[in-house]
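The next block holds one structure in the form of structure tokens; read it before the comments.
Residue numbers start from 1 in every chain, and the chains themselves are labelled A, B, ... in the order their sequence lines are given, proteins ahead of strands.
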Amino acid sequence: MSMNGKPKFAMYWAASCGGCEIAVLNIHEKILDVDANFEVVFWPVAMDAKYKDVEAMPDEAITLTLFNGGIRNAENEAMAHLMRRKSKILVAFGSCACAGCIPGLANLSTREQIFEAVYDGVSTDNPMGLRPDFQWAAPEGNLHIPEFYPVLKTLDQVVAVDYYMPGCPPESHQIAAVVDLVIQALQGNATLPPTGSVIGAGTSTVCDECPRVRNVKTIQQFTRIQHLTEIDPNLCLLEQGIPCNGPATRSGCGALCPRANAQCIGCYGSSDSAFDFGARLMTAFASVIEGKEPAEIERVLDTLPDPVGQFYRFSLAHSLLRAAPLVLEEEEQYATHQH
Amino acid sequence: MMSKINHSTTERVGVYVCHCGSNIAGVIDVEAVAQWAAEHLKDRGVVIARDYKFMCSSLGQELIEKDIQELGLTRVVVAACSPHLHEATFRVACQRAGLNPYLCELVSIREQASWVHTDKHAATEKAKAIVSGGVERVLHHTPLDPLHVPIHPATLVVGGGIAGIQAALEIADAGFPVYLVEREPSIGGHMAQFDKTFPTLDCAACILTPRMVSIGSHPNVTLMTWSEVTNVAGYVGNFTVTVKKKARYINTDLCTGCGICQEKCPKKVIDDTFEAGLGYRKAVYTPFPQAVPKYPVIDHVNCTYFQKGTCRACEKLCPTDAIDFNQEDEIVTLQVGNIVLATGYDLFDARRVAQYGYARLANVFTSIEFERLSNAAGPTNGNIVLRDGVTVPKTVGIIHCTGSRDRNFNNYCSAICCMQSLKFAHLVKERTGATVYNFYIDIRTTAKAYDEFYQRVLEEGAIFVRGRVAEVTDASRMPNEEGKLIIQVEDTLAGLQRRIPVDMVILSVGLEPRRDSHEVAKLFGISCSSDGWIIEKHPKLDPVATMTEGVFVAGCAQGPKDIPNSVAQGAAAAARVLGRIQQKEIALEPVRASVDESKCSGCRICNGLCPFNAIIFHEDRMVTEVNPALCQGCGTCVAACPAGAISGTVFSNEQIFAQMEGLLLHNIEHPPLTEGVLA
Ligand SMILES: Cc1cc2nc3c(=O)[nH]c(=O)nc-3n(C[C@H](O)[C@H](O)[C@H](O)COP(=O)(O)OP(=O)(O)OC[C@H]3O[C@@H](n4cnc5c(N)ncnc54)[C@H](O)[C@@H]3O)c2cc1C
Ligand code: SF4
Ligand code: SF4
Ligand code: SF4
Ligand code: SF4
């Protein structure tokens, strides 16, 4: 317990877009409860604090840490270890920390390909063809910037995680509910779920919360939603050929997207019982496409735009495949090099 | 989120590694595998690990039983052959010793290791990993009880050729009801088209028609000709079959089979089916005089009244007013416990071997055409003549293996063509005295009395030329070739090219699966090979069963064969069915899918997928349920459910992932695997 007797709270931002931080602030007046019940000791987005302040704390001094973002570089990893050591409850907060999310899609490209896109892209003026140098012997001494890893990892691939809170970003009402639960638990009025659980989400899938009417399905062709002139507002989107990820995506968002006439893109990740989100969804889609002959099946499948984006947008780094073979090879070489 | 090995277990596991003679022990160091399991899998519950010469022998089984009783084993892993072969054996052994049979796991180190590897060290390491996977998996097994379902005593036989007839009669004679569904207007199949049958040369009709008549009059047989099965639902013991009875336009209650309509019908049609295109029938017809049933059908595609609106001659002249132009197709639903498929074969289309000139050169005949020519009831009254209908050939060439044993067409041997060609050689000699040449690759006369028949035909003076015919042509080069068909062939025994002029060529075309065999297989929920022949459960040990419980196969539907073998299979299938019926109920594997309602979102992805119609959707609660009596545990829905709400007993995610972790040796501290294995 800290000086004012309140449990300590921290939030950290690794490889992610920042939306998760906004989502926490977006819990409106509930944020006052956070302040009332916790002492915020570390939250780079909201307040000034230094890494060394955290390092100085005794181990497990922080009661609750929300860690968002994936592990892209050495700094992210060092902070993951540090926050793990200093926290009683470490939550993988948001899809990046849980499953890799959009930054994880870079696992399809080698480091050089990533650098090429960033440092030589059309919008970049880099006449000297500069690349980051992770170490630099300056006259004043050795300088380094955090090393960029070949593969983006999820938080639980580098440290043990207590809870997972999916969503890109997690829905504010769910965050509020989790904050509430932790407060209640600290006051002895509730018990926390077993370690390793997913919190702030449902156990079923988005279809469960979706009001659209569904039938036995057969899909003749997939269409990008923007290419349709008319969408039946009451009928299941998948049945209209719009590749909706609702059937495989964990419930908890309240089916926001399908309610707004847009397909679920899967940001809440897979439900408890599915091992690999993309593989699950692929078999599901493949099971209901029309066609018995290989050529016919091929034709329907060819109408599905961007398969990786469709099936692994949020979970590539946490999938069975994790990354493209070339990238995994690079990771292996990197690891041997380190030893 | 990922499944992790739970490192504590209270189970007591026995591991048994089989030598299978030298089948396994020849490649795998079985003792080392057992020793390794005893040492390294001790923490995983293994209390005993043994190797033994033949685990499936009674002594091997007793070993397991004894350990269960004396060491209190709660789980058993046998590392031997494929579960296909001996899973039941070891389950029953466990049961005898008082252990629930489903707590036994058979892992294959024969098919999956010793038979497919030559590197002994690597194969041994792989066998260890396979054992480790089995141990992890068996820890997740739960005791199960088989499901008992009653067997409906009626049987459906599909196809009324000799195989189907035999099966139907055996079952009916044993006192049980049979529905025989035949697509054509009469039963009889191909055999009804033949004159004589090899090797005994009995008259086909004389031996076939008595059986056909028995079918027609048997109190236990419901014969449905001119009919086809359109849907099959349910499962072994309880199939619901939908049959479409095509309109005959004949009121069979009134028709006496007098044949006046056929006689008077003015519309002649070339008979492509029964007469193989050599003869005519009428628009109202029975395919042949001894047809069963005796009632004709009106072929509405060719009937003048149906096409032009006038005629009705048959209606006017029918003495019993049996003609009914208003008849419609009828849909009948049948309940049966078992199904026998005896749909037979189709013939290879001789036009595909363009160089043999069929359909281009008039006097090139197919085997089935020759059968009709030589048939006393056929279009020429049994006179073997050329296409002109009068000229008797002086020389005849019979080409074996047309379309068979040929990489361009079918690789397989059609099994009957050698004998059928010898039969033709004999008939030509006997009826015309012509010189007969047989062009063959190999003579295959392996069954009883077949080679004797070959000797007889040799003695009768038929000439045999060994070599695949290159071409049949009418382009003559020499005076003696004029007006003849010339057979160009390399005589491989004499080592020279020969040109042999003949008057008539007979192509012994191969047997092929029915053109619709893939659709038929799908309808009945069974599989066929890529060729299209129905796949039997085991080619040696279970030749008339299929992979689908309650569906059997007999005759040429399973592969080319002669009449004796077709009849034997028909009888064998009947015996299997009767065995089932006698038991009155059947114990089904308790391998079933079930839905966790709390996880089902009602997305309905799975709803249309079950091949056994076991999936029910509850609109009110928006959840799916699996009917365990209908579910066959095929796993289709389990794989499809994107929410992971459906689980299959014995194949749960937990079990499969645990097995994988075991295979990867994630369950032991320091995997002793050498590099390269499993990498
Ligand atoms: C030219 C020739 C000569 C031969 N001579 C001899 C011989 O002398 N001796 C000998 O032992 N063997 C001979 N054979 C082989 C013999 O024909 C077969 O062994 C035998 O006919 C196989 O009988 P089956 O009942 O399996 O098939 P089939 O005779 O083909 O009968 C199958 C039946 O099923 C029906 N059917 C098919 N599909 C369906 C469906 N979907 N629904 C309902 N009904 C359907 C068909 O109409 C047919 O009536 C000869 C073969 C050929 C080609
Ligand atoms: S697939 Fe999408 S649109 Fe259809 S029911 Fe599920 S969430 Fe709703
Ligand atoms: S009505 Fe048709 S079947 Fe009858 S006699 Fe005329 S053509 Fe033949
Ligand atoms: S696929 Fe799964 S979630 Fe969808 S209806 Fe079937 S059981 Fe329910
Ligand atoms: S596993 Fe599923 S699809 Fe297969 S039989 Fe059972 S319910 Fe039907």
Side-chain angles (χ1 to χ4, degrees), chain A residues 92 98-99 154 156-157 161 164 166 196-198 202-219 236 238-239 244-251 255 266 269-288 290 292-293 311 315 318 320, chain B residues 1-4 6 516 518-519 521-523 530 593-611 613 615-624 634-648 651-661 664 679:
Chain A
C98 289
T154 60
D156 70 354
Q157 285 166 354
V161 164
Y164 299 87
S197 304
V198 172
T203 55
S204 175
T205 65
V206 173
C207 295
D208 216 12
E209 300 177 327
C210 174
R212 289 175 180 264
V213 174
R214 40 233 117 125
N215 305 291
V216 178
K217 302 175 191 353
T218 36
I219 301 173
C236 164
L238 192 52
E239 280 161 45
C244 180
N245 287 359
T249 306
R250 185 184 287 277
S251 55
S270 60
S271 62
D272 276 332
S273 23
F275 200 65
D276 185 294
F277 180 88
R280 266 287 166 203
L281 197 61
M282 267 186 265
T283 28
F285 279 11
S287 303
V288 290
E290 197 180 67
K292 306 282 172 249
E293 300 308 317
F311 297 118
S315 64
H318 207 268
L320 282 171
Chain B
M1 281 176 160
M2 294 250 181
S3 89
K4 297 260 158 54
N6 169 7
D516 59 353
H518 286 282
E519 289 94 85
K522 190 132 158 250
L523 185 63
S530 54
S594 59
V595 179
D596 179 343
E597 285 198 8
S598 72
K599 290 180 181 154
C600 169
S601 67
C603 72
R604 306 197 69 176
I605 295 244
C606 64
N607 285 190
L609 302 179
C610 178
N613 298 325
I615 295 178
I616 318 151
F617 184 66
H618 298 287
E619 290 274 358
D620 48 341
R621 290 181 286 133
M622 291 292 279
V623 288
T624 288
C634 73
T636 307
C637 64
V638 182
C641 174
I646 315 181
S647 180
F651 291 96
S652 68
N653 275 356
E654 242 188 342
Q655 284 162 316
I656 293 169
F657 287 125
Q659 185 164 24
M660 278 160 54
E661 298 277 345
L664 295 168

Fill in the blank from the handout: Which of S270(A), S271(A), P247(A) passes side-chain contact (heavy atoms from CB on, under 4.5 Å) with P642(B)? It is P247(A)

Problem - Region of S204(A) in contact with chain B, defined by heavy-atom distances below 4.5 Å - result: both

Completion exercise
Residue set satisfying salt bridge (charged side-chain N to carboxylate O under 4.0 Å, His left out) with E519(B), at least two apart, ordered chain then number -> none

Exercise for the section: Specify which of A643(B), G608(B), S598(B) makes the most heavy-atom pairs with chain A at under 4.5 Å. Expected result: A643(B)

Practice task
Ignoring hydrogens and angles, tell me if any N or O in the side chain of S601(B) forms a donor-acceptor pair with the backbone of T205(A) under 3.5 Å.
Solution key: no

Handout entry: Region of C606(B) that comes under 4.5 Å of a non-hydrogen atom in chain A
Key = neither

Practice task
Starting at CZ of R212(A), measure out to SG of C603(B) and round the result to the nearest 0.5 Å.
Solution key: 15.0 Å

Exercise for the section: Report yes or no: does R280(A) contribute a side-chain atom to a donor-acceptor pair with the main-chain N or O of C641(B) at less than 3.5 Å? Expected result: yes

Problem - Closest heavy-atom pair and its distance - V288(A), I605(B) - result: CG1-O, 3.3 Å

Exercise for the section: Answer yes or no: is there a donor N or O on one side and an acceptor on the other, between the side chain of K599(B) and the main chain of D272(A), under 3.5 Å? Expected result: no

Handout entry: When G602(B), S647(B), A645(B) are compared by non-hydrogen pairs under 4.5 Å with chain A, the top option
Key = G602(B)

Handout entry: Which residues share a salt bridge (charged side-chain N to carboxylate O under 4.0 Å, His left out) with E619(B), sequence neighbours left out
Key = R604(B)

